[in-house]
Asker: 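Below you'll find the structure I mean.
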Protein chains: 2
Amino acid sequence: MTDPLSSTFAALADPTRRAILARLATGECSVTELAEPFEMSMPAVSKHLRVLERAGLIARGREAQWRPCRIEAAPLKAVAEWTEQYRQIWETRFDNLELYLQQLQAQEKNHAKRPGRKPRRK
Amino acid sequence: MTDPLSSTFAALADPTRRAILARLATGECSVTELAEPFEMSMPAVSKHLRVLERAGLIARGREAQWRPCRIEAAPLKAVAEWTEQYRQIWETRFDNLELYLQQLQAQEKNHAKRPGRKPRRK
C-alpha cells in the first residue's frame with residue numbers, strides 16, 4: 001500500500017494534473033470545463049482526475065448530472081510541511097552562493113581598477 | 001521529456017528515497033553508509049540514488065573509491081515555491097473548519113447548560 005505522501009507526490013508528478021489543480025484553485029468546475037483548455041479527450045481527463053482524487057487532492061460532488069470538482073488543501077499542506085524541513089539547507093546554500101558571487105564581483109572590480117591606478121608617465 | 005518539477009515529484013514519491021534525503025540532510029555520506037539503515041541490497045540503493053541524482057536532488061562526488069552523496073537544495077526550493085501558491089487555500093479552509101468546530105462546541109455547551117437553567121420546582 002502506498003503511503004499518503006507518496007501518493008500525493010506521484011499525483012503531482014505530471015504537468016497536466018498540476019494545471020488541473022491550478023484551475024481548481026480559482027473555484028469549483030465541471031469535468032467538461034476542466035477538459036476545455038487541455039485539448040484532451042474526456043477519458044484522458046477523467047483518468048487524471050481519478051489519480052488526483054485517489055491522492056485526496058480533489059473531491060467530486062455527488063450531483064448525478066454535474067459532478068463539480070474541487071481542490072482539497074490537506075495533502076498540499078502536508079507537502080509544504082515535508083518540504084519545510086529542508087528550508088535551512090537551501091537558505092544556507094544560497095547564502096553561501098551569494099557570498100561567493102559577491103567575492104567574485106569584488107575581485108573582478110579590483111582587477112578592472114588596476115590599469116587605472118597605474119601611475120602615468122609624464 | 002519530463003519537466004524538472006515532474007521529475008522532482010516522481011523522485012519524492014517513494015518513502016525510501018525521502019528517507020535517503022533525510023539522512024543526507026545531516027551531512028554527506030557514502031553509498032555503504034546510506035544502505036546500512038535500510039537493510040537493502042546495494043543495487044537497490046544504487047537504483048534509488050540514480051533516480052534522486054537524475055532529478056537533481058542529490059549530487060555525487062568524483063572520488064573513484066568513495067563517491068560521497070550530498071543533498072542538492074534547488075529542486076526542494078522549487079517544490080516549496082510551487083506549493084506556496086496554494087497556502088491561501090489551506091489556510092482559509094482550516095480557518096473555516098476551526099470556526100465551524102467552535103460553533104459546534106458553543107452549541108454543545110448551550111445544550112449541556114440547558115437542564116441546569118431549567119427553573120427548579122419548589
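Just so it is clear, the model here is predicted, and its values are computed rather than measured. Residue numbers begin at 1 in each chain, while the letters A, B, ... track the order of the sequences.
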Asker: Name the option with the most non-hydrogen atom pairs under 4.5 Å to chain A; the candidates are B/Ala74, B/Ser7, B/Ala22.
Answerer: B/Ala22
Asker: Check whether any side-chain heavy atom of B/Trp82 lies under 4.5 Å from a side-chain heavy atom of A/Leu76, and answer yes or no.
Answerer: yes
Asker: Between B/Glu53 and B/Arg50, does any side-chain N to carboxylate O distance fall below 4.0 Å?
Answerer: no
Asker: Donor-acceptor pair, B/Arg17 side chain versus B/Ala11 backbone, under 3.5 Å?
Answerer: yes
Asker: Give, as side chain, backbone, both or neither, the part of B/Asp14 having an atom under 4.5 angstrom from any heavy atom of chain A.
Answerer: backbone
Asker: Is a side-chain donor or acceptor of B/Arg70 paired with a backbone partner of B/Ala59 at a separation under 3.5 angstrom?
Answerer: no
Asker: Report which part of B/Ser6 has an atom under 4.5 Å of a heavy atom belonging to chain A: side chain, backbone, both, or neither.
Answerer: both
Asker: Between A/Ile89, A/Thr8, A/Thr2, A/Thr92, which has the largest tally of heavy atom pairs under 4.5 Å with chain B?
Answerer: A/Ile89
